[in-house]
Amino acid sequence: MMNRLQWTSPARFVTVFLIAFIPAMDASAQSTTDWPSFRGPGNRGVAAGASILTEWNADPEAEQTDGVVWETDVPGLGHSSPVVSDDRVFLLTAVPDDGETELNIAAGGNIDAAEDSGAYSWIVLCYDKKTGKELWQHTAHHGEPKATRHSKATHANSSVCVSGDRVVACFGSEGLYCYDLDGNQIWERDLGVVDVSKYGIGWGYASSPAIHGDRVAVICDDPDHPFVTVLQLSDGEEIWRSDRTEVCERSWGSPLIHEADGVTQMVINGWPWIVSYDFGTGEELWRLEGGGDNPIPTPFVSNGWIYITNAHGGKAPIYVIEPNARGTLSLNSEEESSAIVWSVERGGSYMSTPVVAGDYLYLGNSNGVVRCFHAETGEKAFQERLGKEAGVIASLVTADGNVYCASENGTVYVLKSGPELDVVAENPMGEPCFATPAISGDKLFIRTTKRLVAIGTTE
């Protein structure tokens, strides 16, 4: 059952407008040039002020490609999404010493771990944003994997985050690393074995680090010893750590760090609890029962509210939370917390993080279904399936009123923002797309299973 926000007070409307407007100004100032972390500024997936192509053909087997500014082969295998800082694009990958790693493409419900054996190199890659030329690569770690991966995942699922001249990369069990923009290692930290597991199978690590100010946050929700930690960006020294035993059994999302009303909080999607921590101290601010038991999507802020979704195990909720929430939040109709703006019991996404474009919240799903809700009221607009064999695992991004859905079938679908499904274009990439695209200036950076491709005008 949907719980809707009631617009009963003009003062409340003005307050919400101002809260929504101020973060948008901050994001737009940065997003047209930099995409400094997973899903860009604030994890929002929004490139304010950017204008990029909606139609192209990047299939290398096509007689003629169109809209491809440059492309480069990427070694190994990784679902790490592109991150853009100034004139550089960063990726992570894992390269086996012998042979090639493979993905279980479009296999549905296979829960088995991949049959990997032998040693890997975990590598940070840096490319020139204008030309695609590799500027440098650095092997962060070499050895046999300390945990297995899902057959559809890789040993390099996380994305880097960049702030100033610092680049932070996390490979889970293989460590946390900090470099400067030229690839010189500044520090590294051993996080121990982070075996994010279910059914006794390690499914792989996927949480990207997040930087705020002079600190970096990392989630390590191994079921046997889950924790979150915040470290100094300058030297990697730990500032605080919170044990998440009995709070979260597993999660794969990245942390949202959000500042409002003088309080900086870190929100972590989890099961059985979604929890917000004071970013300065690690003190718990609020918690909410999670819903889906495989929490993957990353929380984000839009309209001044915190949007959270997850799915699996028969539950697929969407929650929209006031940033000033405190304590244990309730969805009980008799004792419902006023901090819950709206929620739905079913309609959330499993792996892909949603995006708000204009007035609407869009959610992609691995079965190719796209759902759309009014972002301020929770009213459902549509639920439609994309093309044949479409599967949206990558998170959604938006620019100039369009939503970009990268699909496992090697197609990037472009949707026009609005209350009805309007597919503007179906753009072939030639290979499956699991990584979330990045937007910088007038270009879209897309990682396929084999290449990094810059899409834009070529004139």
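What you are looking at is a predicted structure, and each value in this text was computed from that prediction instead of being measured.
- Between I186 and R166, some side-chain heavy-atom pair lies under the 4.5 Å cut-off.
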Contacts under 3.5 angstrom, residues 55-63 side chains, donor-acceptor by atom type, not counting sequence neighbours:
| residue | atom | partner | partner atom | Å |
| --- | --- | --- | --- | --- |
| N57 | OD1 | D59 | N | 3.0 |
| D59 | OD1 | E61 | N | 2.9 |

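- Listed for the W203 side chain is no donor-acceptor partner under 3.5 Å among the backbone atoms of D195.
- The two residues S352 and S395 have their closest heavy-atom pair at OG-CA, 3.4 Å.
- What you find for L363 and G348 is that their closest heavy atoms are CD2-CA, 3.9 Å.
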Criterion side-chain contact (heavy atoms from CB on, under 4.5 Å) on L256 and I268, from CA distance to verdict
CA-CA 7 Å; L256 163 67; I268 301 176; over 6 Å; no

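- Other residues, nucleotides and ligands contribute only 12 or fewer heavy atoms inside 6.0 Å of the NZ atom of K315.
- With R149 as the partner, the side-chain hydrogen bond (donor to acceptor under 3.5 Å, both in side chains) test is satisfied by one option alone out of N157, T154, D116: D116.
- With hydrogens and angles disregarded, no donor-acceptor distance shorter than 3.5 Å links the side chain of D128 to the backbone of E134.
- Between the side chains of D97 and H142, at least one donor N or O lies within less than 3.5 Å of an accepting N or O.
- Two residues are said to be in side-chain contact when any heavy atoms from C-beta on lie closer than 4.5 Å; F434 and E408 meet this criterion.
- In terms of modelled atom types and a separation under 3.5 Å, the side chain of S81 and the main chain of A435 share no donor-acceptor contact.
- At distances below 3.5 Å, at least one donor-acceptor pair connects side-chain atoms of W136 with backbone N or O atoms of L181.
- Using a cut-off of 4.0 Å between Lys/Arg side-chain N and Asp/Glu carboxylate O, R189 and E237 are scored as salt-bridged.
- Side-chain contact between Y127 and L135: absent, with no pair of heavy atoms (C-beta onward) separated by less than 4.5 Å.
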What's the verdict on side-chain contact (heavy atoms from CB on, under 4.5 Å) for V89 and L452, showing C-alpha distance, side-chain angles and the deciding distance?
CA-CA 10 Å; V89 183; L452 176 62; 4.0 Å; yes

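- Atom CG in N104 sits 8.5 Å away from atom CG in D112 (nearest 0.5 Å).
- Under the 3.5 Å distance criterion, the side-chain polar atoms of T148 are matched with a main-chain donor or acceptor of G202.
- With sequence neighbours excluded, the residues satisfying side chain to side chain contact (heavy atoms under 4.5 Å, CB included) with A311 are A316, Y350.
- More than 12 heavy-atom neighbours from other residues, nucleotides or ligands sit within 6.0 angstrom of CD on Q185.
- Other residues, nucleotides and ligands contribute only 12 or fewer heavy atoms inside 6.0 Å of the NZ atom of K450.
- Put simply, the side chain of W342 reaches to within 4.5 Å of the side chain of I318, judged on heavy atoms.
- Note that OH of Y179 is 15.0 Å distant from CG of D165, once rounded to the nearest 0.5 Å.
- Annotation: side chain to side chain contact (heavy atoms under 4.5 Å, CB included) contacts of H212 (sequence neighbours excluded): I257, E259, T264, F279.
- The side-chain heavy atoms of W122 and P145, taken from C-beta on, include a pair separated by under 4.5 Å.
- For the ring-ring contact (aromatic ring centres under 6.0 Å, His included) test, no residue two or more places apart in sequence or in another chain qualifies with F90.
- With values rounded to the nearest 0.5 angstrom, C170 atom SG is found 5.0 Å from L191 atom CG.
- Side chain of Q232 to backbone of E238: no donor-acceptor contact under 3.5 angstrom is found.
- Judged by distance alone, the side chains of H138 and N184 never bring a donor and an acceptor atom under 3.5 Å apart.
- Listed for the T398 side chain is no donor-acceptor partner under 3.5 Å among the backbone atoms of A357.
- Smallest separation of non-hydrogen atoms from S37 and N43: OG-OD1, 4.3 Å.
- Without hydrogens or angle criteria, H79 side chain to K152 main chain gives a donor-acceptor distance under 3.5 Å.
- If you take OH on Y205 and OG on S173, they are separated by 9.0 Å, rounding to the nearest 0.5 Å.
- Rounding to the nearest 0.5 Å places CG of L233 at 8.0 Å from SG of C161.
- The shortest distance between side-chain heavy atoms of P41 and W35 falls below 4.5 Å.
- At least one side-chain heavy atom of I446 sits under 4.5 Å from a side-chain heavy atom of M429.
- Taken from OG1 in T101 to CD in E115, the straight-line distance is 13.5 Å, to the nearest 0.5 Å.
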Let me see the working for L415 and C405 under side-chain contact (heavy atoms from CB on, under 4.5 Å), right down to the final yes or no.
CA-CA 8 Å; L415 316 181; C405 308; 3.8 Å; yes

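- Between the S151 side chain and the A114 main chain, no donor and acceptor come within less than 3.5 Å of each other.
- Y360 and H374 have their aromatic ring centers within a separation under 6.0 angstrom.
- A pairwise comparison of heavy atoms in P75 and T93 identifies O-OG1, 2.6 Å as the closest pair.
- Within the structure, salt bridge (charged side-chain N to carboxylate O under 4.0 Å, His left out) pairs that include any residue of residues 426-436 comprise E431-R451 (at least two apart or interchain).
- Under the side chain to side chain contact (heavy atoms under 4.5 Å, CB included) test applied with F300, the options V46, T309, V356, V267 reduce to a single match, V356.
- At least one donor-acceptor pair closer than 3.5 Å links the side chain of N409 to the backbone N or O of T411.
- Nearest approach of G270 to C248, heavy atoms of both residues: CA-SG, 3.8 Å.
- At least one test fails for R244 against the ring of F227: distance under 6.0 Å to the centre or angle within 45° of the axis.
- Contact check for Y404 versus L444: side-chain heavy atoms found under the 4.5 Å cut-off.
- Between I439 and A399, the closest heavy-atom pair is CD1-CB, 3.9 Å.
- Counting only residues at least two apart or in different chains, salt bridge (charged side-chain N to carboxylate O under 4.0 Å, His left out) contacts with residues 77-92 comprise R88-D182.
- Within a 6.0 Å sphere centred on CG of D98, heavy atoms belonging to other residues, nucleotides or ligands number 12 at most.
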Could you check L103 against L77 for side-chain contact (heavy atoms from CB on, under 4.5 Å), going step by step and ending with a plain yes or no?
CA-CA 9 Å; L103 291 174; L77 196 62; 3.7 Å; yes

